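Worksheet: the structure to be examined is printed underneath.
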2 protein chains.
Amino acid sequence: MKDKATIKKAGYKITGPRQLVLDFLKSGEHYTAKEIYEGLEKTLGLTTVYRTLEILTELGIVETIALTDGSLRYEYVLGKKHHHHLVCTGCGDICELDGCAIKDLEEKVAKQTAYVISGHALELYGLCPRCQKK
Amino acid sequence: MKDKATIKKAGYKITGPRQLVLDFLKSGEHYTAKEIYEGLEKTLGLTTVYRTLEILTELGIVETIALTDGSLRYEYVLGKKHHHHLVCTGCGDICELDGCAIKDLEEKVAKQTAYVISGHALELYGLCPRCQKK
DNA sequence: ACTGTAAGTGAAAAATATTTTCATTTAGCA
DNA sequence: TGCTAAATGAAAATATTTTTCACTTACAGT
């Protein structure tokens, strides 16, 4: 329930559509905006899906996964440990990889470049066992 | 010149538009399809830019960088060492980071998941020194 | 509980991005 | 030099995301 408290604290209202999107993302995996819209059977507008995802991302409740095919997917991350993704280039399946090997790198890069690092995205691409057979 | 040999060997023709796109990418950094189209002052069709990028990516001459704002950028990589990117969330500036800390991770994940890993994408996000002041 | 109001919503339109279609042009081999 | 399959570009189609605006709703203050 920490998600709703976060939304309120930021001055946003808890509305029906927002709860729908939250619940949908919470129960699932890594969805595109359209998948969320269709998964909810158009009980809300696609516009609202986009707007809600924008807010949830801004608040850190949801994270964006940008794939090299140009698609964007959204994942509910509250209560999850930071992790990375393994994407099958055959079927599109996405696995979560526990742990993160990048923290040290972030610090090193921060020192070298004088950037203030706010985060990172790491995706591995490959073929899942099933797609290897095809 | 290895790029043209690669294109030929794959059965594609060396055309004017393809050379324009290659030269544009080779002399520069990380461009979107539209930036390439406009950088070349519309001496070729945008359609052709997309088609050319698709081929160049397929042949490994160019790589795609997917950013979390949903944009795709293309980078000429022949002769470059594999590297990662540091993206300023303020001004969009992209630095290249030498070296790669992910090779070990790839092997570990391959063993754990039975995927055949084909590659990965790692982008760090942060604020560049100039944007920190704003 | 009731009400006022700023925030949120959805439909439609607009803007943006990418792909497909198809008639014409061209690279490069015979 | 001519032939032909591949490539091109303009336009249309499709897909994705954002903006606009009139209507609705959450919720703070009574």
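In what follows, every chain begins at residue 1, and chains take the letters A, B, ... in the order their sequences are listed. Note that the coordinates shown come from a computational prediction; the quantities given were computed from them, not determined experimentally.
- When the side-chain nitrogen and oxygen atoms of Arg18(B) are compared with OP1 and OP2 of dA27(C), none of them lie within a distance under 4.0 Å.
- Between Ile55(B) atom CD1 and dT8(D) atom C1' there is a gap of 11 Å when expressed in whole angstrom units.
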For nucleotides 12-25 of chain D, 5' to 3', base contacts (B), sugar-phosphate-only contacts (S) and non-contacts (-) with protein non-hydrogen atoms under 4.0 Å give ----SBBBB-----

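- Between the CD1 atom of Ile7(A) and the C1' atom of dC27(D) there is a distance of 15 Å, rounded to whole Å.
- Across Thr52(A), Leu20(A), Val49(A), a single residue satisfies side chain to side chain contact (heavy atoms under 4.5 Å, CB included) together with Ile36(A), and that is Val49(A).
- In Lys103(A), the NZ atom is not crowded: 12 or fewer heavy atoms of neighbouring residues, nucleotides or ligands sit closer than 6.0 Å.
- Looking at Ile55(A) and Arg18(A), their side chains come closer than 4.5 Å, going by heavy atoms from C-beta outward.
- Using a 4.0 Å heavy-atom criterion, one finds that Lys8(A) contacts the sugar-phosphate atoms exclusively.
- Heavy-atom contacts from other residues, nucleotides or ligands closer than 6.0 Å to NZ of Lys80(B) number more than 12.
- Spacing between atom CG of Leu56(A) and atom P of dG8(C) amounts to 12 Å, rounded to whole angstrom units.
- Ionic pairing of Glu54(B) and Arg51(B) is not present here: no N-O contact between side-chain nitrogen and carboxylate oxygen is shorter than 4.0 angstrom.
- Each of Tyr37(B) and Tyr12(B) has a nearest nucleotide on DNA chain D; the 5'-most of these lies closest to Tyr12(B).
- One atom, CD1 of Ile14(B), and another, C1' of dC29(C), lie 15 Å apart when rounded to the nearest Å.
- The distance between atom CG of Asp69(A) and atom P of dT19(C), rounded to the nearest whole Å, is 10 Å.
- The residues Lys26(A) and Asp3(A) are annotated as salt-bridged, a charged nitrogen and a carboxylate oxygen being separated by less than 4.0 angstrom.
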